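Values below: all heavy atoms of this structure, side chains included; hydrogens, waters and symmetry mates excluded. Quick caveat, the model's predicted, so the values are computed rather than measured. Letters go in sequence order (proteins before strands), and every chain restarts at 1.
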Amino acid sequence: MCKDNAQTTQLDTWKEVEAFAKRTLPPHVVEFIEEAQREPHPESKLIKVLQLVQEHYGYLGKTQMDAVAQLMQIPTAKVSGVATFYHYFRLVPRGKYMIRICLGTACYVKGAERVVEKLKEELGIHFGETTKDGLFSLEGTRCLGCCGLAPVVEINGEVFGQVTPDKIPAILEHYSEKTD
Amino acid sequence: MSKVKEKYDLILKKAEEYRKSLNYTEKIRIRVGSATCEHAAGSTTVYEEFRKHIESSGRKDILLEKTGCTGRCSCEPIVGIFVPGKFPIKYQLVNREKVHKIFIEHVLNGKIVKEYVLDQAPDSCKYHVLMCDGSGCGGALESGIRFIFEMKLEEVGFTQQDVLLTSIGCLGFCTNLEKSLSSAQILVRPDNVIYKIRTAKDVEEIIENHFRNGKIVERLMVKDRPISQRFYNLYGDVAFFNKQTRVALRNAGVINPENIYDYIHYKGFLALSEVLEKNDPDWVIEQIKISKLRGRGGGGFPTGIKWESAKKQKSEEKYIICNADEGDPGAFMDRSMLESDPFSIVEGMIIGGFAIGATKGYFYIRAEYPLAVERIENAIRECRKHNILGNNILGSEFNFDLEVRLGAGAFVCGEETALIHSIEGERGQPRVRPPYPTESGLWSKPTVINNVETFANVPPIIVYGAEWFREIGTDRSGGTKVFALAGKINKTGLVEVPMGTTLRKIVYDIGGGVAGGKRAKAIQTGGPAGGCIPEKYFDTSVDFDTLSKLGSIMGSGGMIVLDEDDCMVDVAKFYMEFCQDESCGKCTPCREGTKRILEILKRITEGKSTEADLDKLERLAKLVKRTSLCGLGKAAPNPVLSTLTYFKEEYIAHVKDKKCPAKRCRSLIHYEIDQGKCVGCTMCAKNCPVNCISGSRKEPHVIDTLRCIKCGRCFEVCRFKAVMKI
Ligand SMILES: Cc1cc2nc3c(=O)[nH]c(=O)nc-3n(C[C@H](O)[C@H](O)[C@H](O)COP(=O)(O)O)c2cc1C
Ligand code: SF4
Ligand code: SF4
Ligand code: SF4
Ligand code: FES
C-alpha cells in the first residue's frame, strides 16, 4: 500500500494521476463518479462512492480513498474525515464472513450480551477483529430492524433471529463448511 | 374531464386490467410475507418451497405472491391461503415441513391445518362479523348494536357456528359526523362487505337475507371502500390485529410491495390525483393542518405548519426529504413501512413536494436496510415509468423527482441538520438552529424533512378527509401512531393504535402481556432519548404531550417492555453507552458529559460507588440536558433522569447495599448450588467454561466462587433449579 502511495506522489501530470486513480478503482465506481460530475452537487455523492468501494473490496484502503479524492476533486483529508466519521466504513480488511451482532435495545434485553460472549469465545476474537484463517470478522451493530426476533445476528446479509448462545456453534459451522 | 383525472383513470384502468389478467378472484392465492424480518425467520425458503409444490402439482389456478410484513414478528414467517369464497387463513411460523402439509391438506384438499393457524384464531364459522365496540369514540349505537345483534340472532336460532360476532377497536371506518346520525358500520367476513346500520330492522334484514340466504343487502351496503377494509377482511379474526387501527399500515401485509398496480388498486395515487387536479398547494397545507398530523419522527412538530413555512419561502429550488434513518435501537416501524408499502411513502412525498413547491426529494435511508432501499428504488422506477414522477406528473404542470441517499450508520444523522450535512456528502454533524431547514436547509435552500410514517399518513388524509383523520386521535394530535413493541412481551411486533390509547391496552390487550407470566416493571419509550415509565402509569393514554409529562417521549415509537428481571440502572447504562458512542463530539457537554455519566453508571453497577455519586449523576445529567447543542445530547440524560425519578430505590440498593435487585449486574451477584435440590446430574459441571464446579455423579455439586466467572451457564442448564443466583 505504501508503495502505491509513493507512486501517486511521483505522478506529476494530472493525466497520469487521473489514469492511476482510474486504474485503482473498479470500473463501475469510476463510471459512477464520472456520471456524478455531470450533475449538480457531485461532491455530495462521496458517501455513496465510498460505499461502492467498500462493497467491492470489503474495506476502504488508503490507495482507494486517495483515488476517490483525486477523481472527485475533494481534499484527501475530507475523504478520510468522512470515512472515519461513519460507523459503516471499515478501514481494515475483513474476513470472508462478516458477523454482525445487533446491540440494539430489544436484543440487549433479550440477552444479546450472552450471545456476544459466546461468539467471542468460539471465534477467539473481539469486535473489530478477524480470525486468523481470515474467515470471520466480528462487529457489533445498531438495531437491524428485526427487534421482534431479538436477539439478531447477521452474517453477510443473512439474518438469524432468536439466536441463543447454544445456536452459535452450529451457525458458525455452517459457514466454515461452506468454504470447503 | 381534466387532464389529471384522465391520466389517473388511465392508470387505474391499467391496474384493473392487470389484475383481471391474473384472474385474481378465481384463483387460490398463497401469500408469503417478504420483508427483512420475514426473511430472517425463513420466508425465502418457504416461498421457494411453495413454488416447487405448485409447479409439481401442475395446477394453473394457484397464484403465489409476496406481501410485506403484517407486523406480527414473533409468528413469522406468516403465510396466507386465500381460497375464493372461503375465510382467508393465515399460518404462523411456517417452515419447509409445514409448507408440505399446508399445501397437500389445505391448498389441494381444502382442509385447514388447524394446529398451524396464526394465534389460534377462532374456529370456523359461516360468517364473521366485526363491529366497533365504540371504546375509541364512545359512539352510542356501537355499544348497543352488539346487543341487538345477539338478540336477533338468538331469535332466529343462529349459533356461533353460524355467525360469530367480534367487538373490536376502532376500525377507522366511520367519522363522528356519521355517528351523530346514529349509524354504525360492520364488516362481514369472508364476503368483505361493509354495512351501515341504523335501526334494528336493518339488523333483521341482514340476518335474514345475507346470513340465511347468502344474498348481500345492497341497500345497506357501504359502496365506498373505507380504509383498511381489505386488511380487516384478511386479518380481522386475529386479536392482535383487530384491536388495532390501521392507517399508516393499511397496506402492510395486504399488497405486493413490488407491484405498483396492487397499490393503485387499493386507492394508490388517488390522493395525488386529487391534489394535482385541485392544483392548490394552500388547500393541501390546510388539509394537513386540519388533520392535526404531527411529525412521527419524534419531535411531534405539526406537519402542516412546517410545510406552510417552507412554502412561504421564496426560492427557485426547494427540497423535501424523507428521514428514513431510523436509528433508535429497538424501533423498526419505518423499515417495515418502507418494505411493505413503499408506494404510499413515495406518494406522501410527492404531495408534500407539491405543497411546498419542491422540485426534488431525497430519501435518506440507512444502509443497514438493504431491502428497504431496494423496494423504494423499485417504487421510484415504477412511478417514473407511469408518469407519477418526473416532468408533468399525471399530465399536470408539476415536475418532481426523487433520489435515494444512503446513511452510513451514524445515529446523529437522524437529526435534521446532521442529515442535511450527510446528504451533502459531509460528516454528519448538527449545527445550531435557527435558521431552521425550512428557511435554509439542503444546499442552503428551503427544505422540509419528515419522517417515513408522517408521509405514510398523508395520502389517507387526502382521500378519507382531514376531519376523519383528526377524529381518530386526540384533541392535540390527529390519527394513529405505530409502535414497535419488543422486549419482554408475548406478541412482539408492530402495533398501530389511535393517539390516546393507553399503554395498558397496548401491552396487555394487543401485546398479550409479559412473556413467561412475569410482571411488567416498566416500559421504555422513545429509545435513547426517552425514558422508562413504571407500571403504575400504564393507564396513561399515550400521545406526545402525556409521555413528555411523564419524563419520557413518544420518540419514533419504540416500546421496550421490561420485566422484573431487568435492572433499571443497567438499562440506563445501556442507553448512555449508546449515546456516548454516537455523540458526534461537536459540543463539550454531550461529548464529555455522556462519558462521565457513563463512568458513574458503570461504578454503580459494579458496586464501586458511593452515595455522593447519585447526586453527582443527577446534577451532571441535568447539565448535559440543558447545555447540549442538538437533540442527541439534550435527550441523552432522559433514561437516567427518568429511572432516577421512578426507580431511585434500585439505585440505592446498588450503591448502599451493593445488591442488584433484578440480579442482572454481574459484579453484584454470585452463583451457588442448593445442596438440597442438586441431584448430581453433572450437567452444570459439563457446561462450565472454566471448570469450577466439582462433585461426583449423584452427589450434590459445589461451585468454587473464587474461580467462577459468573457466566450463568450452570444456572441455565440445571433442570432441577438447584443453581441459585444470589
Ligand atoms: C439524535 C436524533 C436522531 C433522530 N433520528 C431520527 C430518525 O431516525 N428518524 C426520524 O424520522 N427522525 C429522527 N429524528 C428527528 C428529526 O430530527 C426530525 O425532527 C424529524 O425527522 C422530522 O420529521 P417529522 O416532523 O415528520 O417527525 C432524530 C432527532 C435527533 C436529535
Ligand atoms: S449534542 Fe452531542 S451529538 Fe449533538 S452536536 Fe453536541 S456532541 Fe454532537
Ligand atoms: S445441573 Fe443442577 S442438578 Fe445437575 S449437578 Fe448441576 S446443580 Fe446439580
Ligand atoms: S456461572 Fe459460569 S463460570 Fe460460574 S460456575 Fe456457573 S458455569 Fe461456571
Ligand atoms: S434491537 Fe436488535 S434488531 Fe432491533
Problem - A/K132 atom NZ, over 12 foreign heavy atoms within 6.0 Å - result: no
Handout entry: Structural part of B/E403 lying under 4.5 Å from a heavy atom of chain A
Key = side chain
Practice task
Would you check if B/L406 and A/K48 make a side-chain contact, meaning some heavy-atom pair closer than 4.5 Å?
Solution key: yes
Exercise for the section: State plainly whether the residues B/R666 and A/E117 are in salt-bridge range, i.e. N to O under 4.0 Å. Expected result: yes
Practice task
Test side chain to side chain donor-acceptor pair (under 3.5 Å) on B/D566 and A/Y108 and set out the steps.
Solution key: CA-CA 10 Å; B/D566 291 303; A/Y108 182 75; over 6 Å; no
Exercise for the section: Below 4.5 Å from any heavy atom of chain A, which atoms of B/T44 appear? Answer side chain, backbone, both or neither. Expected result: neither
Exercise for the section: Side-chain contact test, heavy atoms from C-beta onward, threshold under 4.5 Å: evaluate it for A/D166 versus B/R713 and give yes or no. Expected result: yes
Handout entry: Stepwise side chain to side chain contact (heavy atoms under 4.5 Å, CB included) check, B/H39 with A/E158
Key = CA-CA 8 Å; B/H39 292 172; A/E158 202 172 335; over 6 Å; no
Exercise for the section: Show your working on side chain to side chain contact (heavy atoms under 4.5 Å, CB included) between A/F85 and B/Q429 and close with a plain yes or no. Expected result: CA-CA 9 Å; A/F85 181 81; B/Q429 282 181 317; 3.9 Å; yes
Problem - Side-chain heavy-atom pair A/S44, B/E426 within 4.5 angstrom cut-off - result: no
Handout entry: Pick from A/T105, A/V159, A/V109 with the largest number of heavy-atom pairs that fall under 4.5 Å of chain B
Key = A/T105
Handout entry: Minimum side-chain heavy-atom gap A/E43-B/E424 below 4.5 Å
Key = no
Handout entry: Which portion of B/R664 sits near chain A, non-hydrogen atoms under 4.5 angstrom
Key = side chain
Problem - Heavy-atom proximity to chain A below 4.5 Å, by part of B/A372 - result: neither
Practice task
Side-chain contact test, heavy atoms from C-beta onward, threshold under 4.5 Å: evaluate it for B/P329 versus A/L103 and give yes or no.
Solution key: no
Problem - Heavy-atom proximity to chain A below 4.5 Å, by part of B/C413 - result: side chain
Completion exercise
Output for pair (A/L46 CG, B/R427 CZ), nearest 0.5 Å, gives 12.0 Å
Practice task
Answer whether the closest heavy-atom distance between the side chains of B/C37 and A/L149 falls below 4.5 Å.
Solution key: yes
Fill in the blank from the handout: If one checks every heavy atom of A/E113 against chain B at 4.5 Å, the contacting part turns out to be side chain
